[in-house]
Amino acid sequence: MLKNNVPNGHLEDKWNKQVFESKLVNPANRKKFSILVVGTGLGGASAASSLAEAGYKVTAFCLQDSPRRAHSIAAQGGINASKNYKNDGDSVYRFFYDTVKGGDYRAREAGVYRLAQLSGKVIDHCVASGVPFAREYGGMLDNRSFGGTQVQRTFYAKGQTGQQLLLGAYQGMMRQVAEKNLRVHYRKEMLDLIVVNNKARGIVVRDLVTGEIESYCADAVVLATGGYANLFYLSTNAKPSNASAIWRAYKRGAGFANPCFTQIHPTCIPIAGSEQSKLTLMSESLRNDGRIWVPRLANDKRSPIEIAETDRDYFLERIYPNFGNLVPRDVASRAVKRICDDGFGIGQSGLAVYLDFKDKIHTQGKKSLEDKYGNLFQMYEKIVGDDPYKVPMKIYPAIHYTMGGLWVDYNLMSNIPGLFVLGEANFSEHGANRLGANALLQGLVDGYFILPVTLGNYLASTNIEPMKQNEVDVSSYVNENTQRIEKLLQIKGNTLADNFHEQLGKLMWNACSMARTKEKLQHALEEIPKIKAAFWNDLKLPATANTLNQELEKANRIADYFELAELMCRDALAREESCGSHFREEFQTENGDPQRNDKEFCHIACWVTNGENKVPERITEQLEFEYCKPAQRDYR
């Protein structure tokens, strides 16, 4: 039974009530409690710095050689907050409504409202910590629009908002390190969650430089390790981003919610060739000033400069006149795919459309775009070789974000007491589709403002017995993970891990990405075990574990991807409806929009393991909508 622990009362009062009723840890006693924070991106860095400043004994674990390399830097476009600086009708309630609707009514109302409610505090905190947000001529913070809204609520720092926010959180961490309130371990990867007496009490990690496997114990564990988009092989995520931390927690009993809810981003640089290892995102913010179009004639091979206005189809503006190019990501992605499938795509592959800035340059000048997006335009020109000020960008949808993740209650705690999950690693607050510029917000709201309250309440109200580092329970975890590494090294096959990963990625892209069918999903569930078996029989690795071995790192993560891919397909198969980014072709309206089934599927689907090689159990948490009544999403 899943208890979401959402407090009673009016929507706008729930969080304030929760804060007041939460038990507190006396400041003098906080040093008695130890906390492990895994991941040092926006969620992890904000949580580690806040908890350390509050007085807890905090240890953080960074996969990279510096927290500044976290994938949070790649979130370019902005961060949402309902401050209504543009006086265009925005409010906390409108932000709440846009997010619930954008997620196609598959998120908890209480959590979404809290996200909107705390958004203004995040901006104030980040400004105070020195984040250089863009400003208008008079000195006020500037805003721009993002998909899924008709107001301007997105704060930004040119095209590098994620990087600037991460640097702000990072300097907060480093201040606590200097004051000896926080210790950071670099180049450590979490391999396992230690659960003692049904409570999360530590982790097992592998030192990526020496290969040593170590254990760390604490009173609570915080996971902020991001999502699992790299399962698809080609995604917009940084290559080291992986799902092992949350997957190993799942295998220890943590519920995994809505694994099939994965997001496709519409403005990605198209695939260039078979040897490509990742994809590059062009920020959604570009849809503010760029117009998406294709030639009106199928298979038109003329240069875009030669195609007259009368021969262009601005199809998003045609189909969705109210929102135009600013429809939500899932809607835009499906529209782009559909028009390319109909033969109107451009480029050699036909799998691309144009994103054109000609009109904006004509009305506002080139410098206005340079001021907003200069680094994005430079990045595009370096990768593609075209000057986007002169030639329209080519874009196509790509895997970008995962709304699914470990199940958490209103307090961000999983069904394993003492295991808290933040940011993209958990499943809340985006439902079946995340609105742009809400990811950075969620990570910072979770770390700066929610976790310090809810974690303190857990510590103050739970009897936590002291643990010794050398307890038998802990050593067994270390031994188990050591044996797993040895098993991988002993395969001695002929095929590199990347080859298996690419096979899995192509299978999942075809079966469980933008369009899904019962037949494709069933086929994937038949094929995944075959690729997995080949992996465990023919994997080729350098035969050493006690040193830097990046092939071993990849193999260890890909082994998890096989199991997670099966869970994603099971979840997509069980959810016999279309909602947000989960688009089952069998369930669509006459207009080609997702057709929800609120009677049977207005719930969160949470999967709990039944053990190795056994079908997991599907548990549901019913969703109730008191304020934002479910309706067919219409952006026309």
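Pairs passing the salt bridge (charged side-chain N to carboxylate O under 4.0 Å, His left out) check and including a residue from residues 67-82, sequence neighbours excluded, read Asp65-Arg69.
For Ser283, the side chain to side chain donor-acceptor pair (under 3.5 Å) partners two or more places apart in sequence, or in a different chain, are Ser285. Annotation: side chain to side chain contact (heavy atoms under 4.5 Å, CB included) contacts of Phe377 (sequence neighbours excluded): Leu286, Phe357, Leu369, Tyr373, Pro388, Tyr389, Met393. Under the side chain to side chain contact (heavy atoms under 4.5 Å, CB included) criterion, Ala54 pairs with Arg30, Tyr56, sequence neighbours left out. Residues meeting the side chain to side chain donor-acceptor pair (under 3.5 Å) test with Asp124, sequence neighbours left out: Lys83. Asp560 pairs by the side chain to side chain contact (heavy atoms under 4.5 Å, CB included) definition with Ser244, Trp247, Arg248, Arg484, not counting sequence neighbours. Every residue was checked against the ring pair (Phe, Tyr, Trp, His ring centres under 6.0 Å) condition with His582, not counting sequence neighbours, and none meets it. Residues satisfying the ring pair (Phe, Tyr, Trp, His ring centres under 6.0 Å) test with His71, not counting sequence neighbours, are none. Phe261 meets the ring pair (Phe, Tyr, Trp, His ring centres under 6.0 Å) test with no other residue; sequence neighbours excluded. Listed by chain and number, the residues in a side chain to side chain contact (heavy atoms under 4.5 Å, CB included) with Gln171 are Ser129 (sequence neighbours excluded). Scanning for side chain to side chain donor-acceptor pair (under 3.5 Å) contacts around Asp634 gives an empty result, with sequence neighbours left out. By the side chain to side chain donor-acceptor pair (under 3.5 Å) test, Lys101 pairs with no residue at all, sequence neighbours left out.
Relative ring orientation between His265 and His400 is described as perpendicular, the plane-to-plane angle rising above 60° on a 0-90° scale split at 30° and 60°. Using the six-membered ring where Trp is involved, Tyr354 and Trp293 have ring planes that are tilted, between 30° and 60° apart. Using cut-offs of 30° and 60° for the angle between ring planes, the Tyr448 and His125 rings count as tilted.
One distance of note links OG1 of Thr225 with CG of Leu223; it measures 5.5 Å at 0.5 Å rounding.
For the residue pair Asn438/Glu429, the side-chain donor-acceptor check at 3.5 Å is not satisfied. Checked by atom type, the side-chain pair Thr154/Asn80 shows a donor-acceptor distance below 3.5 Å. Neither side chain, Gln263 nor Asp330, offers a donor N or O lying under 3.5 Å from an acceptor on the other.
Closest approach of Ala47 to Leu451, counting heavy atoms only: CB-CD2, 3.7 Å.
Side-chain rings of Phe601 and Phe587 stay apart, their centers remaining 6.0 Å or farther from each other.
Both the sub-6.0 Å distance and the 45° axial angle are not jointly satisfied by Arg329 relative to the ring of Tyr401.
At a threshold of 4.0 Å, the pair Arg633-Asp104 counts as salt-bridged, since one of the basic side-chain nitrogens sits closer than that to a carboxylate oxygen.
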